[in-house]
Amino acid sequence: MNVLHELDELLGLDGDEYDRLDLFQEADELIGQLRTADVPALLALWQARNLCWQQRFTQASTNLDGAVLRILLGGLLQIQERSHGVFELMSRLPATADASPLSEALLDYAEQAWHVQGPASHRQIQISCWSCGLSGRLLKRLGLSAWKDAGL
């Protein structure tokens, strides 16, 4: 059985079974085995699976390879109806942002979410951008001098 198929089955288990058997570490190990070639199939699964599956993936993604993470985030930004994932996975990026197209796309996404999702999401957006080094750039885009100005 390939890694992605095994991961899909594991993340799709009944909630009680997943929690009772404490399968978080096993999911994390499988996620760590994903390669860039797996990302298109992973993105297809992402769109086909429910929020619980997506949440389990993001929670167990501590060993996700950096190249896979960057491609996955780029793909998630292209999905119109993504309900979960981008902000949660941003925290897995290195703490120093670069000038890559992905960083710019994440900034665009964060800025749009800031305006669309409203104050209830501002803290998550701020923390996600801070964790990957995009906080200052987002502040500048929002026309703020400090997070205090946004009430955070």
Given side chains that start at C-beta, do those of Arg70 and Leu73 come closer than 4.5 Å, heavy atoms only? no
Can Trp147 and Ser135 be counted as having a side-chain donor-acceptor contact under 3.5 angstrom? yes
Shortest non-hydrogen pair, Ser61 vs Leu89, comes out as OG-CD2, 3.5 Å
Heavy-atom distance under 4.5 Å between the side chains of Leu34 and Leu7, does that happen here? yes
Taking Leu144's backbone N and O only, do any of them form a donor-acceptor pair with Asp149's side chain (distance below 3.5 Å, no angle check)? no
Inter-residue atom distance Met90.CE - Tyr109.OH, 0.5 Å rounding: 9.0 Å
Rounded distance [0.5 Å steps], CG in Leu93 versus OG in Ser103: 7.0 Å
Would Gln126 and His122 count as having a side-chain donor-acceptor pair, cut-off 3.5 Å? no
Closest heavy-atom contact between Tyr18 and Ala27? OH-CB, 3.7 Å
Residue pair Leu21 / Glu17, side-chain heavy-atom distance below 4.5 Å: yes
Do Ser131 and Arg92 have side-chain atoms, one donor and one acceptor, less than 3.5 Å apart? no
Find the distance between CD (Gln124) and CH2 (Trp114) and round it off to the nearest 0.5 Å. 11.5 Å
Does Arg137 pair with Glu104 as a salt bridge, N-O distance under 4.0 Å? yes
Taking C-beta and beyond as the side chain, do Leu64 and Leu72 meet within less than 4.5 Å on heavy atoms? yes
State, yes or no, whether a side-chain contact exists between Thr62 and Asp28 at a heavy-atom distance under 4.5 Å. yes
How about Asp38 and Gln33: do any of their side-chain heavy atoms sit closer than 4.5 Å? no
Rounded at 0.5 Å granularity, tell me how far CD in Gln54 sits from CZ in Arg49. 10.5 Å
Could you tell me whether the side chain of Ile125 reaches within less than 4.5 Å of the side chain of Leu138, counting heavy atoms only? yes
Compare all side-chain heavy atoms of Trp46 with those of Val39 and state whether any distance is below 4.5 angstrom. no
Just how far is it from atom CG of Leu30 to atom NE2 of His5, taken to the nearest 0.5 Å? 11.5 Å
Under 6.0 Å from the ring centre and within 45 degrees of the ring axis: does the NZ or CZ of Arg56 meet both conditions for the six-membered ring of Phe24? no
Should Leu4 and Leu23 be regarded as members of a common hydrophobic cluster, given that ILVMFWY residues are connected when their side-chain heavy atoms come within less than 4.5 Å of each other, either directly or indirectly? yes
Between NZ of Lys140 and CG of Leu134, what distance do you get to the nearest 0.5 Å? 13.0 Å
Minimum heavy-atom distance between Thr36 and Ala67, given as atom pair plus value: CG2-CB, 3.9 Å
